Amino acid sequence: QVQLVESGGGSVQAGGSLRLSCAASEQSFATYAMGWFRQTPGKEREFVAAVSWGGDITYYADSVKGRFTLSRDNAKITVYLQMNSLKPEDTAVYYCNADSLMTVEAMARVGGDVWGQGIQVIVSS
């Protein structure tokens with residue numbers, strides 16, 4: 001059963017930090033490109049960040065550059081999104097995403113095949 005499970009969401013004041021985790025249920029995901037998207041009601045899904053299977057290439061949306069850091073631990077088949085200096089506009093449901101043999105640029109454009117269930121992040125002002 002293929003599954004991506006997100007954790008670490010919650011509520012935080014503007015300027016605070018949260019760390020999201022996405023754990024995959026299958027070892028094969030260690031060789032998948034993985035990343036995060038977010039979505040708010042009435043808006044299109046927005047790319048946040050992606051990392052290559054080897055962890056050597058990361059790609060960030062302009063809106064989060066310098067504030068968010070994406071990393072992965074292939075031994076744990078887990079991806080982490082460290083979110084610092086959070087802003088109210090970061091409020092959204094965040095979705096983990098994965099796909100095999102996909103570049104981070106392609107993931108940013110169209111997303112991968114496998115999605116997590118989503119977790120809420122609320123940043124209050």
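Just so it is clear, the model here is predicted, and its values are computed rather than measured. Each residue takes its place number in the sequence, starting with 1. Reckoned from all heavy atoms, side chains included, excluding hydrogens, waters and symmetry mates.
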Going only through I, L, V, M, F, W and Y residues with side-chain contacts under 4.5 Å, is there a path from [X] to [Y]?
| X | Y | value |
| --- | --- | --- |
| Trp115 | Val93 | yes |
| Trp36 | Val12 | yes |
| Met34 | Met107 | no |
| Val104 | Met102 | yes |
| Leu70 | Val64 | yes |

Output yes when a side-chain donor or acceptor of [X] lies under 3.5 Å from a complementary backbone atom of [Y], and no otherwise.
| X | Y | result |
| --- | --- | --- |
| Asn97 | Val114 | yes |
| Arg72 | Gly54 | no |
| Gln120 | Gly9 | no |
| Glu105 | Arg109 | no |
| Asp73 | Thr78 | no |

Electrostatic pair Asp90:Lys87 at N-O distance under 4.0 angstrom
no
Notebook entry, point to check: Does some side-chain heavy atom of Glu6 sit less than 4.5 Å from a side-chain heavy atom of Leu20?
Noted result: no
Check your understanding: Less than 4.5 Å apart, any side-chain heavy atom of Glu46 and any of Ser63?
Key -> yes
Which of Tyr60, Tyr59, Tyr95 passes ring pair (Phe, Tyr, Trp, His ring centres under 6.0 Å) with Phe47? Answer is Tyr59
Distance in Å, [X] [atom1] paired with [Y] [atom2], rounded so as to fall on 0.5 Å steps:
| X | Y | atom1 | atom2 | result |
| --- | --- | --- | --- | --- |
| Gln117 | Leu4 | CD | CG | 8.5 Å |
| Leu81 | Leu18 | CG | CG | 9.5 Å |
| Trp53 | Thr103 | CH2 | OG1 | 14.5 Å |
| Ser21 | Gln82 | OG | CD | 9.5 Å |
| Ile119 | Cys96 | CD1 | SG | 9.0 Å |
| Ser125 | Leu86 | OG | CG | 13.0 Å |

Scanning both residues in full, the closest heavy-atom pair of Ala108 with Phe37 reads O-CE2, 4.2 Å
>> Could you go through Ile77 and Gln27, starting from their C-alpha distance and side-chain angles, then the distance that decides it, and tell me whether this counts as side chain to side chain contact (heavy atoms under 4.5 Å, CB included)?
In response: CA-CA 6 Å; Ile77 44 174; Gln27 185 63 43; 3.9 Å; yes
Only residue of Ile57, Asp56, Thr58 satisfying side chain to side chain contact (heavy atoms under 4.5 Å, CB included) with Val51 is Thr58
Anything under 30° is parallel, anything over 60° is perpendicular, the rest tilted; go ahead and classify Tyr94 against Phe68.
tilted
**Cationic tip of Arg19 above Tyr80 ring, under 6.0 Å, 45° of axis** = yes
